[in-house]
Amino acid sequence: ASAALNSVAARTVGPCAYSSDAMPQVTSLFAKKEGRYVYLISTANIEVCVVDGNKEATRLQLKAGEDRSVHGIPPWQVSGSNLQKIQIYFQGGRVSLPDNASRVKLVEVPVAR
């Protein structure tokens, strides 16, 4: 599966990397799971960049209705030109994105027991 992801990433252009810029921080309202992955569902054809806490960047090109999980460690950065076209699930719940955000940081919260 990673070979397929790498071939997709190799055909795209533009930066997909860790950013030290300030960005809106988002947390899960009802954390049910550890923050070791981010699950994305696309409602349109979109390109999105996901960067984990180790600064490992993953570029995804998702078609409408396609979903993908990216595994790593928090905190996460998710960026794209139209993030409102994807649903982001983190720690077992969907997160709400600020209006017109092109980049957000997903910050892990303690799991509710």
Side-chain angles (χ1 to χ4, degrees):
S2 63
L5 282 177
N6 290 339
S7 67
V8 169
R11 290 196 302 266
T12 60
V13 295
C16 178
Y18 172 82
S19 173
S20 58
D21 297 345
M23 64 190 75
Q25 294 195 2
V26 180
T27 59
S28 176
L29 291 178
F30 303 103
K32 298 180 208 115
K33 300 179 181 180
E34 300 295 322
R36 294 190 184 111
Y37 69 94
V38 176
Y39 177 66
L40 308 164
I41 302 174
S42 180
T43 60
N45 293 350
I46 190 170
E47 183 174 298
V48 64
C49 176
V50 181
V51 182
D52 76 1
N54 283 330
K55 301 181 183 178
E56 294 282 331
T58 303
R59 181 189 307 273
L60 301 174
Q61 289 189 314
L62 300 173
K63 294 178 172 48
E66 191 175 3
D67 63 314
R68 190 80 48 89
S69 293
V70 180
H71 295 265
I73 65 163
W76 295 87
Q77 294 180 0
V78 181
S79 59
S81 60
N82 202 344
L83 290 185
Q84 277 57 42
K85 301 279 187 190
I86 60 172
Q87 297 173 9
I88 300 174
Y89 291 83
F90 180 58
Q91 292 194 270
R94 184 174 174 186
V95 296
S96 298
L97 299 177
D99 290 340
N100 301 319
S102 61
R103 173 169 284 173
V104 295
K105 179 183 274 189
L106 301 177
V107 179
E108 185 177 30
V109 296
V111 175
R113 299 270 178 221

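Note that this is a predicted model, so its numbers are computed, not measured. Reckoned from all heavy atoms, side chains included, excluding hydrogens, waters and symmetry mates.
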_As an exercise, state the distance from CG of Leu62 to CG of Asn45, rounded to the nearest 0.5 Å._
9.0 Å

*What pair of heavy atoms forms the shortest contact from Pro74 to Phe90, and how long is it?*
CB-CZ, 4.5 Å

*asked:* Using every non-hydrogen atom in the two residues, find where Ser79 and Val48 come nearest and quote the distance to one decimal.
replied: O-CG2, 3.2 Å

*Pairwise side-chain contact, Ser81 with Glu47, heavy-atom cut-off 4.5 Å (strictly under)*: no

*Between atom CD1 of Ile86 and atom CG of Leu97, what is the distance when rounded to the nearest 0.5 Å?*
7.0 Å

*Any chance OH of Tyr18 has more than 12 other-residue heavy atoms, nucleotides or ligands included, within less than 6.0 Å?*
yes

*May I ask whether Ile46 and Val51 are part of the same hydrophobic cluster, defined by side-chain heavy atoms of I, L, V, M, F, W, Y residues being less than 4.5 angstrom apart, directly or through others?*
no

*Heavy-atom closest pair, residues Glu108 and Gly35*: OE2-N, 2.8 Å

*Just wondering, do Leu106 and Thr27 contact through their side chains at under 4.5 Å, heavy atoms?*
no

*Calculate, to the nearest 0.5 Å, the distance between atoms OG and CD belonging to Ser28 and Gln91 respectively.*
5.5 Å

*According to a 4.5 Å side-chain heavy-atom criterion applied to Ile, Leu, Val, Met, Phe, Trp and Tyr, with indirect links allowed, do Val95 and Val78 form part of one hydrophobic cluster?*
yes

*Find the distance between CG (Asp52) and NE2 (His71) and round it off to the nearest 0.5 Å.*
11.5 Å

_Within a 6.0 Å radius of atom CG on Asn54, are there more than 12 heavy atoms belonging to other residues, nucleotides or ligands?_
yes

*Any side-chain heavy-atom pair from Gln77 and Met23 closer than 4.5 angstrom?*
yes

Only distances under 3.5 Å count here; give the side-chain donor-acceptor pairs of residues 36-43 to other protein atoms, sequence neighbours excluded, each with its distance to 0.1 Å.
residue, atom, partner, partner atom, Å
Tyr37, OH, Lys33, NZ, 3.3
Tyr39, OH, Asp67, OD2, 2.6
Ser42, OG, Ala44, N, 3.2
Ser42, OG, Ala44, O, 2.2
Thr43, OG1, Lys85, O, 2.7

